[in-house]
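In what follows, chains are A, B, ... by sequence order, proteins preceding strands, each numbered from 1.
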Amino acid sequence: MTNLARATTAAADRPGTARGGARAVPQAPSPQGAMAAALKDAALAALVMLGLSFPILLLRSDVGSNNELVLTPRVPLVVAACAIVFFGRLAIAFVRGAWRRSHPRRMAAASPVGTRPVVGRVAGLLGYALTGAAIAFPFLAAYALGGLTPARYWIDLAILVLTYLMLGWGLNIVVGLAGLLDLGYVAFYAVGAYSYALLSTTFGVSFWICLPVAGIMAAFFGILLGFPVLRLRGDYLAIVTLAFGEIIRLVLINWVSLTNGSAGISSIPRVSFFGIPFTREDDGFAATFGLAFDPMQRIIFLYYLILVLALVTNAVTLRLRRLPIGRAWEALREDEIACRALGINTRNTKLTAFAIGAMFGGFAGSFFAVRQGFVSPESFNFMESAIILSIVVLGGMGSQVGVAIAAVAMVAGPELLRRLEILQVVFGEHFDPNQYRLLLFGLAMAAMMVWRPRGLISQRTPSVLLHGGGSPAAAPAEAR
Amino acid sequence: MADFVQQLVNGLTLGSIYGLIAIGYTLVFGIIGMVNFAHGDVFMVSCFIALLLFLFVNAVLGAGAIILSLLIVMVISMGLTGLWGWTIERLAYRPLRGSFRLAPLISAIGISIFLPNLIQVTQGARPKPTPPMVGDVIVLFADGHYEATVSYKQLIIMAVTAGLLAVFWYVVQKTPLGRAQRACEQDRRMAALLGINVDRTISLTFVMGAALAAVAGTLYLLYYGVVSFSDGFVPGIKAFTAAVLGGIGSLPGAVVGGLIIGLVETMWSSYFSIEYKDVAAFGILIIVLIFMPTGLLGRPEVEKV
Amino acid sequence: MRWLNDPLLSVEHLVMRFGGLVAVDDLSFNVGRSDITAVIGPNGAGKTTVFNCITGFYRPSGGALTVRGGAQTFALEKMPGHAIAAKAKVTRTFQNIRLFAGMTVLENLLVAQHNPLMRASGMSFLGLLGIAYPAAERAAIDKARHWLDKINLTSRADVAAGELAYGDQRRLEIARAMCADPILLCLDEPAAGLNPRESAALTDLLLGIRETTPTSILLIEHDMSVVMEISDHVIVLDYGRKIADGTPAQVRRDERVIAAYLGVEDQELPAVVAEVGS
């Protein structure tokens, strides 16, 4: 609904009431009045919280000895929840009031025109800085922790972050650029992973052959799915892609003869250094290059492999964005009907976005398989799609640097939360932050949408400039 | 033959539950054109509300008054789940009205991740069995050694569904609230200019949807006798399929769609393969969306240029 | 009478039904090469429906729409929407402006040159490697600059299209359609909402297109001063049927036209009285 309609509703509905008046005029009527209103509002919110916590928070049910449910009341928890809501609401009201008093005229949003080049340049520099940091990371970690082996945890975590970053960048082509909401992206990740797992365990094909094959397979699946469904409008498309993702997972579970069902496929061959295995033997990596054998060599190699894959994804995306196809994707996101009127074959254009996004998902999938050495359908459930999507959305749809920041925050954040011992001091011995990870995650996703519907970095950098001296080739590496 | 009749009865029961959930999707889609992705999880929350209330009420009233207990539970649960629906709309969707089109959907996905985890954290991950409620069955007819039966549970479910549908049909067609809803559906801005409180109408639509999901939750609990925190997703998708199949935006369509999905699911499990029953539901969803996006009873959508 | 001797577009027995409603009923007319042709008529006469049929947004219930390009003939009623713009070279603008609001003015004009640029970038494969494409893009930018100069928006080329003033957006939409090299440009109420000065600028732009390019123009317009000033040929619709067809001078004397405007649409009356002067 538009603001106009909302304003008219308010006006038509309660023309003379104090509430309507208080909203229309920026200054609050009087400090006492504002105080009373804030208290009333907070009390109402606490009352709603009371309603919500009954009985979900109030009563805890546990399965007892005779397979019957035993209820335990938790009055303090409910009181605490209501108190938090009450005082939180009050605090928000005061902060807002103070803000309005000190910034009476800043209510209108600043024009984005003047700020855009600055944001673009900052994002560009940030991109280079992040790339540099990523290249140096394993050595920095080893230096800081006194050796590669103690740094293993951090490097593993970084590999995980980079995997999600690559998936995020891949999905960004579909969601951020072309504006097609894909809730089943994990299906392509699964196709890539199973392509490598099956080809290597059944036919002994090497990773370096499987990698492109997995990408092509995933792209093929992307076209297969995209062909019938891409004419559906936004949320229908989202639901259909979700259904497709679930179908792939259910097929992986139930087609036992091919995929070994829920048990998954194990002992997938490990990655080699372009044919030279990372083993202790004489033809292994360490011996070939005259180094001492260290199992960390494989981990470091995996780290740089995924870094290169992710950077390739980024480079291709940035390049495509400045080609006609990329501009057509963005135009499609803005107005599909106008695209058709200009002679753009919208179906093929969408299919290309879908296929290219899927292809990167497939690459990431085969990397996942070679790293884990094990794949099972449970790694490819809807939550994964949701996490990847929220990385894209949180980052700012279409922004490469934003996606990178979001990937670090979403993947490494919860992991680091778990290691914070201070939380255990505050909440008691048995507190396991990991339990709250998805809870906070879902909440953050909704809150993020309310707070910044366009994500962290919402400024769009033009793909080409007439003035300002940039031929497209000379434009900064980070666009949008 | 008896087997077929049995599957028919089972399918219609399941379909009633899907239909009740589907109405929530259809009402919300009709009025603000949004797929309320979290609706399946609201349904799941309502199952837990009903479960906890039932344990409590049943302990007070004693095991003899099961039907009365269920009735009380259902009414309170409708109110409480309605409050959940109201709160979610108020906090997660209303601020996004008029924002870019995918924002509410993504917010809804966030809520649909939040709710099951909330339940998991507050109630534990193990599935919760209920005490046995209504166990008697009526034998419809016997065919050799196989009997087709309909249980009291199933009769209750179908009767409650039919009764509530009549009530809601009346509300939407004949009351000022229903008129306001239909006006908002046609043209929200015009409705606002004519003095309809659009915000309140939309809020009430969410409350109605959630309350019907609460009925479905109580009936689900009665039927299956067990619920877990992850039980919102798949029924939610199936109910959404039902809403789309019936023609999203159409109230009778949602019920017809629900019944069809329920029948397909039981028949498929019985005659083809139980492993792929969810694949069948998802497959129907995809096929319907591709080949008849307006569904069975929906209005065709004309592209405005 | 170029529309009879050398028709660029022939509409023959066009019928468009929506359920039981007949929006366009057995409509036939020609659009002459290099002419500016106006379709006028009261609200609800079916003008936009005709446009949507010509540009492929609706599939006609019956009839034929034929475009005679240089050597080729296209049956528009059988072509998918995007091919009408890409192959038959018929482009359009919209009543409620449809720019790519978040993209810059220049990008809007480059998107319009999508098909030739796609070919130049070797379906993106060569473009990814940076082969051949940069030169094509420079040429495309030059063409965009040519049209930006014509609509006086060169200085605003790097601004998001949605930030332009309303009148500028209208002209940008026309320039964007022209960047697709149309042989027929269909304009849906190009003067709607413009002030007199903007209207005059629009008139100049359209006359300029007729003078300097081979593109013919078909337009729907309510502003009679614009129609009478620039049109070579006027077609009048009422209730989905053609009631008059001729030069502006012929049409303005036509009694059925006057009756249609005076009798049916009260709110059009002052404008018609002023323009027709009867």
Side-chain angles (χ1 to χ4, degrees), chain A residues 111-114 116-117 120 177 179 231 312 315-349 352-353 356 397-398 454 458-474 480, chain C residues 55-57 80-87 89 91-94 98-108 110-121 123-124 127-130 133-134 136-138 140-141 144-145 148 154-155 157-163 173 176-177 179-180 186:
Chain A
S111 164
V113 187
R116 187 190 292 126
L177 291 183
R231 65 199 169 91
V312 165
V316 169
T317 309
L318 289 179
R319 195 94 204 203
L320 284 174
R321 199 174 162 268
R322 279 187 237 107
L323 288 176
I325 185 74
R327 270 187 221 117
W329 287 338
E330 291 198 78
L332 210 56
R333 183 188 64 197
E334 301 274 327
D335 193 327
E336 188 173 341
I337 285 173
C339 282
R340 243 191 296 163
L342 292 170
I344 294 174
N345 186 334
T346 51
R347 196 192 57 202
N348 288 1
T349 309
T352 326
I356 292 177
M397 309 218 294
R454 296 246 171 218
S458 54
Q459 289 289 355
R460 179 180 175 276
T461 311
S463 64
V464 55
L465 292 173
L466 188 64
H467 313 292
S471 79
R480 165 94 190 217
Chain C
T55 49
F57 285 90
H82 66 89
I84 288 177
K87 302 220 169 67
K89 294 284 178 199
T91 62
R92 70 172 291 177
T93 65
F94 296 87
R98 284 182 175 276
L99 289 170
F100 307 119
M103 302 172 80
T104 67
V105 170
L106 178 63
E107 284 174 316
N108 267 274
L110 291 183
V111 171
Q113 305 177 50
H114 176 76
N115 289 313
L117 283 177
M118 265 312 261
R119 282 190 290 278
S121 73
M123 292 306 158
S124 306
L128 265 184
L129 304 171
Y133 176 69
E137 180 166 287
R138 272 194 296 279
I141 291 175
R145 184 195 279 274
L148 284 174
T154 314
S155 62
D158 298 330
V159 170
E163 288 168 20
E173 204 189 10
R176 187 180 67 178
C179 277
C186 301

How long is the span from the [atom1] atom in [X] to the [atom2] atom in [Y], to the nearest 0.5 Å?
X        : Y        : atom1 : atom2 : value
C:Glu137 : A:Arg322 : CD    : CZ    : 9.5 Å
C:Thr104 : A:Leu466 : OG1   : CG    : 9.0 Å
A:Arg340 : C:Arg98  : CZ    : CZ    : 9.5 Å
C:Met118 : A:Thr352 : CE    : OG1   : 6.0 Å
A:Glu334 : C:Asn108 : CD    : CG    : 8.5 Å
A:Ile325 : C:Leu117 : CD1   : CG    : 11.5 Å

Item checked: Interface residue of largest heavy-atom contact number with chain A, from C:Lys87, C:Lys89, C:Met103, under 4.5 Å ->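 If we count pairs closer than 4.5 Å to chain A, C:Met103 comes out on top.
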Next item on the list: Please report the closest heavy-atom contact between C:Ala85 and A:Ala341, naming both atoms and the distance.
Entry: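 That would be CB-O, 3.3 Å.
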Check: Which heavy atom in A:Ala338 sits nearest to a heavy atom in C:Phe94, and how many Å separate them?
Finding: CA-CE1, 4.2 Å
Margin query: Just to verify, what does C:Pro134 make a side chain to side chain contact (heavy atoms under 4.5 Å, CB included) with, not counting sequence neighbours?
Written below: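 Counting only residues at least two positions away or on another chain, C:Pro134 forms a side chain to side chain contact (heavy atoms under 4.5 Å, CB included) with C:Arg138.
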Next item on the list: Measure the shortest side-chain to side-chain distance between A:Leu342 and C:Phe100 over non-hydrogen atoms and say whether it is less than 4.5 angstrom.
Entry: yes
Note to self: If you define the side chain from C-beta out and look only at heavy atoms, does anything of C:His82 sit under 4.5 Å from A:Thr346?
What the structure shows: no
Checklist line | Donor-acceptor under 3.5 Å (C:Glu107 side chain, A:Pro462 main chain) | finding: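 The answer is no, because no donor-acceptor pair under 3.5 Å joins these two groups.
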Notebook entry, point to check: So what's closer than 4.5 Å to chain A heavy atoms on C:Ile84: side chain, backbone, both or neither?
Noted result: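 Neither part; nothing is under 4.5 Å.
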